[in-house]
Amino acid sequence: MEYNFREIEKKWIKFWSENKSYKTIEDASKEKYYVLDMFPYPSGAGLHVGHPLGYIASDVIARYKKLEGFNVLHPMGYDSFGLPAEQYAIQTGQHPAITTDKNIERYRDQLNQMGFCYDWDRAVKTSSPEYYKWTQWIFKQMFNSFYDLSEDCTKDIQQLVSHFDVKGSDGIQAHQDEHIEFTASEWNVFDHKQKEAILQCYRIAYLSESQVNWCPKLGTVLANDEISNGLSVRGGYPVEQKVMKQWSMRIKAFAERLLNDLDQLDWSDSLKEQQRNWIGKSQGASVSFQVSSNNDRRIEVFTTRPDTIFGVTFIVLAPEHELVLDIVGEAQKDAVTSYIEKTANRSERDRQSDVKNITGEFTGAYAVHPFTGKEIPIWIGDYVLATYGTGAVMSVPCGDQRDYLFAKKFDIQIANIFKDTDISNCAHEEKTGVITSSEFLNELDIQKAIIRSIQEIEHRGIGKGKTNYRLRDAVFSRQRYWGEPFPIYFVNETPFLVDDENLPIELPAVDKYLPTEEGEPPLARAQKEQWNHSQGDRMDFNTMPGWAGSSWYFLRYMDPHNEQEFVSKEKVDYWQNVDLYIGGSEHATGHLLYSRFWTKCLFDLKFIPFDEPFKKLINQGMILGRSNFVYRINGTNSFVTKDKRKEYETTAIHVDISIVDNDLLNLEKFKNWLPEYKDSTFILDDNGNYLCGYEVEKMSKSKFNVQTPDDLVVDYGADTLRLYEMFLGPIEQSKPWDTKGISGVHNFLRKCWRLYCSVDGTSIVSDENPSKESMKTLHKTIKRVREDLNRFSLNTCVSSFMIAVNEFTEQRCHSKEVLEPFIILLAPYAPHFCEELWEKIGHASGSLFDSQFPVFKEEFLIENAYEYPVSFNGKMRFKVELPLSLKQEEIKTAVEEMELTTKWLEGKEPKKVIVVPGKIINFVV
RNA sequence: GCGGAUGUGGUGAAAUUGGUAGACACGCUAGACUUAGGAUCUAGUGCCGAGAGGUGUGUGGGUUCGAGUCCCUCCAUCCGCACCA
């Protein structure tokens with residue numbers, strides 16, 4: 001009987017499920033290994049072939065580690081809060097939970113048919129109350145914490161309160177929004193509301209009036225990483241700036257640790273670099289400039305080049321800067337206000353793309369240079385961003401090209417402070433050279449001048465050395481329905497935490513999933529009694545963003561049913577952090593950063609024993625689709641084959657890849673595909689075929705190029721698909737999907753099957769002694785596969801399997817001593833196939849995965865001869881087999897005496913002969 | 001502009017520390033068997049050349065007995081960030 005993958009796969013999936021083969025329990029006697037996939041958002045479209053790439057890889061590693069004797073945690077779950085289900089709910093009125101559960105079921109089926117070894121008992125979904133109870137609980141911990149700068153650690157907010165009680169704000173070293181000074185006696189007479197307002201400036205999870213990215217079309221705020229080019233990532237709608245009261249997470253406090261700890265992670269350079277970029281550390285100084293007409297007004301600037309302080313000839317404020325309207329002169333008022341309006345009306349996108357056009361206005365006010373005492377003009381300009389640094393810059397036209405161009409355009413003085421440097425054409429931006437015309441900095445090179453200038457700035461009390469980060473606190477509320485409700489109620493608009501015993505705060509029922517008439521979030525529609533907790537005046541109407549649940553889910557897998565804790569100490573001590581995390585790189589600055597932040601926070605609060613969630617990370621590449629096109633002759637319903645399209649005016653139209661085979665269009669299926677093509681006519685090529693065009697692009701519904709794994713599993717089986725996806729190339733690389741190659745892998749499995757079974761399906765594996773060659777093939781393969789798996793080179797393993805099967809076939813090997821270990825080697829890739837053969841060769845009960853991964857033995861590879869490549873001037877000319885026992889000199893003599901050597905030397909005397917025993921011989925002529 | 005990654009046959013790709021470039025597959029060519037089938041088997045397949053041979057890992061250079069691999073230059077593609085002070 002031929003290899004019947006359909007029956008085999010069905011049989012073993014049932015077996016695994018009935019025997020709970022993948023149930024994982026903590027076992028202190030075994031070393032743990034935690035392999036994690038980024039859990040999917042269960043969308044309505046189901047999985048396409050790109051999804052399983054990472055899942056297959058992690059499954060291969062999980063199974064390998066299991067066979068190596070590790071206790072492997074390999075779970076799967078669903079990131080099930082999110083916009084699509086909610087949009088669907090708005091359109092249909094169906095509760096998002098129903099849609100979500102339906103999609104989850106589909107995902108579960110699709111994942112199951114791939115033969116993944118997940119312990120489904122540990123599955124979590126972020127939208128279930130049992131799960132989000134703990135998301136809410138973690139939020140509470142973050143609400144109850146502040147960041148202590150003296151110890152660089154998250155601490156209980158009560159410690160801060162105790163300090164306030166005794167010393168007021170004096171001596172506080174905590175990460176905060178703005179410095180507020182008060183004495184202990186002042187603090188002690190503040191009412192609750194006042195105290196809470198101050199505490200909000202310190203809490204890790206805090207409420208603040210902040211400028212947010214508001215997307216009117218989605219009716220919600222978005223985080224920076226949810227926006228691309230001024231449009232929402234989801235939906236592509238315009239985004240505008242708006243001031244709203246929002247929950248935020250004080251991730252900025254962790255900036256330095258998030259940056260430094262990257263060094264200890266085994267992540268790709270590009271990903272680490274993306275995070276470094278996102279955190280955007282820059283060092284320099286903040287300097288304060290006094291406004292000359294107005295003694296109590298000061299402008300704070302941040303600079304990375306305090307050494308250029310004597311080159312400052314003007315100040316530029318962002319148009320939105322709070323000081324602008326206070327200092328503007330009467331004569332300039334109209335021009336300035338109209339400029340502010342103009343920039344406010346321009347979308348962020350316009351402002352960014354229009355870099356060439358230099359605009360600005362003089363405010364009429366002057367600032368006093370802190371060292372020279374000279375008056376310098378204050379301008380506003382939209383090249384200064386309100387959201388970075390202090391929203392103000394000290395302009396040094398001789399050292400900064402933007403300042404230079406601004407000064408040229410508006411005819412502002414340019415002072416040169418670089419010795420022997422020509423700045424007549426452009427600014428000197430390099431950090432090299434010597435400073436001049438700068439009093440105490442004269443004759444210092446720039447590096448020394450930076451240090452000296454900071455000393456002096458601090459000494460004179462006009463500023464201080466400062467590190468600035470681009471990273472901003474993360475906005476943590478969304479005006480949406482389908483997310484975690486906050487465990488917060490308000491009394492007199494002051495937030496209070498819901499008690500632990502009232503968690504979870506479940507999503508209340510609402511009549512519609514839309515904002516209220518008053519513009520309140522959908523949750524405001526819920527009647528007070530529909531909340532399972534209703535203290536205070538009202539509950540918080542916001543919900544948490546998508547990344548709330550995904551920031552800690554890897555912890556919940558360790559202890560998914562614990563009703564007392566988010567994870568027990570015992571279990572988290574055992575499983576520790578994730579050893580291998582596989583997922584897409586699109587989460588570089590979102591999920592992966594937030595998750596690191598939450599982990600550090602939970603570590604500081606002593607809930608977990610590690611401060612990085614994911615030790616090693618692999619970003620699987622994207623599998624691109626191969627789209628097909630038909631060419632419609634413009635203005636007709638007639639389609640021309642690819643080769644003849646140049647003869648007509650045509651439009652290329654995406655056509656569903658399921659009705660195209662090998663680029664040949666099935667005309668009947670095409671006519672039935674969409675109603676508008678029912679009466680199409682065709683101009684065919686000379687063979688009577690319609691040839692389609694193709695292109696490699698991202699898989700998407702609209703391009704009709706989505707390849708689902710389901711069809712391939714039906715046609716070839718899951719084992720073939722698993723092997724094929726791994727065989728395609730290195731896991732990190734993006735590659736086009738091409739179904740053609742799949743037959744090669746399928747043939748490999750069939751060929752392999754024939755080593756074990758005769759035509760009637762009975763085992764032909766025997767107890768005969770294996771040949772030396774077969775043992776060599778086996779151990780060569782064991783060596784390679786082990787090495788490759790250890791460095792996650794999953795594609796080359798497949799090649800090794802193919803080579804081994806080709807060699808075994810040639811050797812007519814049917815020896816159990818060889819074929820039994822081989823089937824274990826292959827099992828992580830083709831689990832159903834291998835289980836079946838395992839059973840056939842005499843393991844009547846149990847699973848192959850309870851056995852052990854074969855161990856490599858050097859002795860089988862020991863050779864006594866080697867075929868030496870002989871090269872002349874580095875070019876290989878011929879090969880010669882020589883005993884490996886020969887010494888270097890003996891090899892040399894033997895080769896020199898050969899006829900072929902004489903031929904290639906062409907009568908010349910070799911200058912030198914390099915002999916590397918066991919490797920190569922090289923004549924230098 | 002800054003940063004990161006990648007450039008090898010017709011295609012996907014191998015080559016772990018410098019040591020036979022193109023393993024393993026797909027595709028293609030020829031042949032065999034054929035109830036013409038998108039099946040199976042055999043042989044060939046980097047390029048130029050009838051052949052001997054020459055040549056070849058994006059470009060140009062360097063180090064080395066020897067470079068796809070190390071160093072420098074430039075080019076191209078992809079990704080991320082970007083008036084970041």
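Numbers restart at 1 for each chain; the letters A, B, ... are given by sequence-line order, proteins then strands. Hydrogens, waters and symmetry mates are skipped; everything else that's a heavy atom, side chains included, is used. Just so it is clear, the structure is predicted and the values come from calculations on it, not from any experiment.
- Taking the syn range as angles within 90° of 0, the glycosidic angle of G18(B) is outside it, so the base is anti.
- Taking the six-membered ring where the residue is Trp, Phe302(A) and Tyr388(A) present perpendicular rings, their angle passing 60° and hence far from 30°.
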Give every pair of a protein N or O atom and an N or O atom of nucleotides 56-64 of chain B that lie under 3.5 Å apart, one pair per line with the distance.
none

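- The distance from the CD1 atom of Ile56(A) to the CE atom of Met726(A) is 5.0 Å, given to the nearest 0.5 Å.
- Summarising the geometry, the separation between CD on Glu732(A) and C1' on A13(B) is reported as 15 Å, rounded to the nearest angstrom.
- Here Val393(A) lies in heavy-atom contact (under 4.0 Å) with a base.
- For Lys740(A), counting side-chain heavy atoms from C-beta on, the closest listed nucleotide (C84(B), G4(B), G27(B)) is G27(B).
- Proximity note for Tyr866(A) (side chain, C-beta onward) versus U20(B), A25(B), A15(B): the nearest is U20(B).
- Among the atoms of the strands shown, only primed sugar atoms or phosphate atoms (P, OP1, OP2) are found under 4.0 Å from some heavy atom of Ser270(A).
- Distances were taken from every side-chain heavy atom of Thr303(A) (C-beta onward) to each of C24(B), A5(B), A85(B); the shortest belongs to A85(B).
- Classified by interplanar angle (parallel below 30°, tilted 30° to 60°, perpendicular above 60°), the ring pair Trp737(A)/Tyr724(A) is perpendicular.
- With P as the reference atom, C33(B) and U42(B) are 15 Å apart, rounded to whole Å.
- When the P atom is used for both U11(B) and A23(B), the distance is 15 Å, rounded to whole Å.
- Checking Thr343(A) against Asp382(A) by side-chain atom types alone, no donor-acceptor pair falls below 3.5 Å.
- Across all strands shown, A85(B) remains unpaired; no Watson-Crick or G-U wobble contact has both distances below 3.5 Å.
- Pairing for U35(B) is absent, with no Watson-Crick or G-U wobble pair whose two atom distances lie under 3.5 Å.
- Listed nucleotides: U16(B), G19(B), C24(B). Nearest to the side chain of Ile914(A): G19(B).
- In this structure, of G80(B), U20(B), U40(B), it is G80(B) that holds the atom nearest to the side chain of Gln274(A).
- When both pairing distances are held under 3.5 Å, G46(B) makes a Watson-Crick or G-U pair with U55(B).
- Proximity of Arg276(A) to the phosphate of G80(B): no side-chain N or O atom is located under 4.0 Å from OP1 or OP2.
- Nucleotides of RNA chain B nearest to Ser800(A) and Gly729(A) differ in position, and the one nearer the 5' end is that of Gly729(A).
- Under the 30°/60° scheme for interplanar angles, the aromatic rings of His369(A) and Phe371(A) are found to be tilted.
- C2(B): Watson-Crick or G-U partner is G80(B), with both key distances under 3.5 Å.
- Between His746(A) and Phe5(A), the ring planes are perpendicular. Angles over 60° get that label, and only those under 30° would be called parallel.
- Applying the Watson-Crick and G-U wobble criteria (two distances, each under 3.5 Å), G12(B) pairs with C24(B).
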